[in-house]
Amino acid sequence: MADVKKVATRQSYGEALKELGAAHPDVVVLDADLANATKTEIFKKAFPDRHFDCGIAESDMMCVAAGLATTGYVPFASSFAMFAAGRAFEQVRNSIGYPHLNVKIGATHGGISVGEDGASHQCCEDFALMRSIPGMVVMSPADDVEAKAMVKASYEHQGPVYMRFSRYGAPVIHDAESFTFEIGKGEVLRDGADVALIANGLLVAETLEAAQLLAEQGVSARVIDMATIKPLDEELVLKAARECGRIVTCEEHSTIGGLGEAVCAVIAQHGLACPVERVGVNDEFGHSGPAGELLEQFGLCAGHIVKVAHSLFS
Amino acid sequence: MTKEEEITLRKTACKVRIGVLTATHGAKAGHLGGSLSAADVFTYLYFRELNIDPSRPKKVGRDRFVLSKGHTAPGLYAALAYRGFFPVDDLPTLRHIDSYLQGHPNMDTVPGVDMSTGSLGQGVSCACGMALGLKKQGSAARVYTLLGDGELQEGQVWEALMFAAHYRLDNLCVLIDHNGLQIDGPNEKVMGLGSIPDKLRAFGLNVFQIDGHDFQAMEKAFDAVRQVKGKPSAIVLETTKGKGVSYMEGQVGWHGKAPNDEEYARGMAELSAQLAELEAV
């Protein structure tokens with residue numbers, strides 16, 4: 001996919017916030033001294049009086065966002081995934097989740113593709129943490145087009161939303177003109193009958209490539225972009241299980257508590273005999289390195305997905 | 001404040017304390033000590049200071065109160081009930097299964113509660129967000145938040161105070177219930193706080209330190225706070241934990257314990273006698 005345009009979805013987040021800010025005066029953006037990295041600086045430049053830097057104090061930021069929401073503003077609280085979902089977990093749980101306040105969390109730098117900063121900044125636990133909060137919507141977009149649509153959809157949604165964006169460029173796979181986004185709905189990007197590859201974030205483009213490779217080897221793979229992890233599109237998962245009989249989930253997240261386990265739970269609950277393999281980070285920490293090399297090393301790439309898919313046929 | 005108004009507030013505070021005892025006795029649990037030390041400031045806020053309307057708890061333009069030390073919900077609930085937000089008769093359902101009176105304040109179930117709290121250190125940050133929002137909207141509404149002294153050990157409190165000073169939230173007033181005791185003992189033995197007023201001043205707040213059981217002093221401080229421009233204010237309330245019930249006063253053991261039937265009867269007798277005395281004035 002070398003010739004495909006790549007955009008880091010954190011950039012999409014910043015640009016979408018600016019568009020949203022122009023359309024809705026109640027949108028305010030909070031950051032914790034990372035506006036340059038989370039790209040909320042794009043919003044800040046356009047609407048300096050609606051951007052509030054909270055300093056390096058993510059816990060405070062989440063609760064300030066909660067307070068702002070009670071006065072009618074729609075705050076987008078932004079930091080790296082590690083600090084938004086990790087450090088401030090309890091603030092998100094108690095001050096945003098419990099009162100079900102209308103706060104949107106824009107978490108950038110998710111997963112190991114953070115790269116050189118290493119394990120301390122590579123959050124592979126955020127889906128698990130955020131999924132466990134009642135009423136929290138949890139999403140991660142595949143590309144620029146989906147990210148922008150997701151930010152707009154999050155504004156329209158009443159209640160807390162967690163969105164994870166990437167630092168690393170993602171190939172643009174959606175057509176901006178025709179694309180529509182709905183929270184809680186997966187999207188079949190490629191049909192197939194032998195195995196379903198269900199992915200989100202950076203891994204969506206990898207599964208498309210994997211499906212192509214599998215096709216060349218005589219295996220028909222369905223590719224589903226499951227941008228919303230919670231609420232999960234159970235119907236689409238069950239359909240894939242029934243029609244394909246095999247599933248591989250792919251995410252830049254721990255295999256514990258993320259999309260993979262969410263898919264497994266649905267299949268188990270319905271008693272379907274459908275084996276599931278989970279491609280993700282296998283209960284280990286990441287480490288420093290260039291993002292592309294890390295993704296390869298941790299098996300978060302088309303080649304490994306192909307191998308895992310084949311294992312379901314043996 | 002006239003002497004008569006002061007007596008009225010003292011009578012109301014007495015009723016709020018009766019409400020606290022009734023609620024925690026009914027719950028067979030709950031945080032008495034800090035509810036009683038803060039009963040006077042709850043009374044002052046809800047019966048003198050706050051621009052609120054019990055018939056319209058979510059009224060736009062109302063003043064806000066965030067109980068950052070959420071465990072003293074019995075005190076807040078008693079004040080809200082006597083102010084008319086919900087029936088006083090419901091107080092004994094505190095902490096019961098399916099009661100709307102949750103163990104810690106829940107803004108979605110309790111009329112008059114502006115923020116769900118309970119996890120220490122968070123309410124003050126939420127109050128900052130409210131103050132910022134209201135200020136941006138050009139609202140004249142003010143935001144008050146009450147913290148425990150032990151709560152000051154939470155690092156988030158200081159993040160919030162930096163935020164309040166940085167954004168010049170002069171519509172925010174931070175109240176500290178300084179009764180000197182927390183669960184494991186005196187503040188200074190558990191984790192020394194040093195001079196609370198000095199710390200608050202160092203963080204850019206305009207600080208008042210008063211007797212937290214003296215309504216005349218409260219009036220002076222709250223009136224002065226409203227005149228402060230360009231910076232947030234704090235009022236350090238010097239209080240007695242368990243205030244109003246002789247055998248609970250200054251006793252750390254009454255931080256989070258409910259009275260048994262006998263203790264309840266004794267406490268109610270004391271408070272009823274205080275009320276009768278005030279009625280006779």
Side-chain angles (χ1 to χ4, degrees), chain A residues 21 24-33 47-79 83 87-105 133-135 158-160, chain B residues 57-58 60-66 68 70 102-110 113-139 141-143 145 154-169 171-172 203:
Chain A
H24 305 286
D26 55 356
V27 170
V28 293
V29 175
L30 306 176
D31 209 309
D33 194 39
F47 309 104
D49 61 333
R50 282 195 270 151
H51 184 281
F52 302 102
D53 208 315
C54 298
I56 309 166
E58 297 80 8
S59 308
D60 181 55
M61 175 177 72
M62 290 304 175
C63 296
V64 166
L68 275 163
T70 69
T71 65
Y73 284 105
V74 183
F76 283 73
S78 319
S79 183
F83 314 125
R87 187 189 197 94
F89 171 77
E90 202 238 310
Q91 283 75 11
V92 173
R93 189 237 187 229
N94 273 325
S95 289
I96 296 172
Y98 179 42
H100 201 70
L101 288 171
N102 198 24
V103 173
K104 319 302 168 187
I105 300 168
I133 298 175
Q158 269 294 321
Chain B
K58 301 275 184 202
V60 176
R62 73 187 184 282
D63 289 339
R64 315 286 180 113
F65 175 69
V66 179
S68 200
Q102 293 292 293
H104 291 78
N106 182 335
M107 67 189 287
D108 296 322
T109 62
V110 186
V113 171
D114 288 318
M115 185 67 212
S116 301
T117 53
S119 181
L120 296 178
Q122 297 188 24
V124 58
S125 293
C126 297
C128 285
M130 287 179 187
L132 179 67
L134 293 167
K135 209 171 165 59
K136 272 199 71 60
Q137 288 162 351
S139 169
R142 303 187 56 79
V143 181
T145 181
E154 287 282 3
Q156 187 178 344
V157 170
W158 305 97
E159 295 182 6
L161 296 180
M162 267 188 275
F163 184 95
H166 183 81
Y167 285 102
R168 300 171 185 277
L169 301 179
N171 56 345
L172 176 73
F203 272 71

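Quick note on labels: first sequence line is chain A, next is B, and so on, each numbered from 1.
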Option that, when pairs with chain A are counted at under 4.5 Å, heavy atom only, ranks first among B/Gly121, B/Ser119, B/Ser139, B/Cys126: B/Cys126
Qualifying residues under ring pair (Phe, Tyr, Trp, His ring centres under 6.0 Å), relative to A/Phe52, sequence neighbours excluded: B/Tyr167
Counterpart residues, ring pair (Phe, Tyr, Trp, His ring centres under 6.0 Å), relative to B/His166 (two or more places apart): none
Hey, what do you get for [atom1] ([X]) to [atom2] ([Y]), rounding to the nearest 0.5 Å?
| X | Y | atom1 | atom2 | result |
| --- | --- | --- | --- | --- |
| B/Ser116 | A/Ile96 | OG | CD1 | 12.0 Å |
| A/Cys54 | B/Met162 | SG | CE | 11.5 Å |
| A/Met62 | B/Gln122 | CE | CD | 11.5 Å |

Check: A/Tyr98 and B/Asp108 side chains under 4.5 Å, non-hydrogen atoms: no
Close side-chain approach of A/Thr70 and B/Asp114, heavy atoms under 4.5 Å: no
Region of B/Glu154 in contact with chain A, defined by heavy-atom distances below 4.5 Å: neither
Contact class of B/Ala160 relative to chain A, heavy atoms under 4.5 angstrom: both
Interface residues of residues 25-33 of chain A facing chain B - heavy atom cut-off under 4.5 Å: none
Residue pair A/Val64 / B/Cys128: nearest heavy atoms and the distance that separates them: CG2-CB, 4.2 Å
Crowding at CZ, A/Arg93 (>12 non-hydrogen neighbours, <6.0 Å): no
Qualifying side chain to side chain donor-acceptor pair (under 3.5 Å) pairs, either residue in residues 125-137 of chain B, two or more places apart: A/Asp60-B/Ser125, B/Ser125-B/Gln156, B/Lys135-B/Asp170
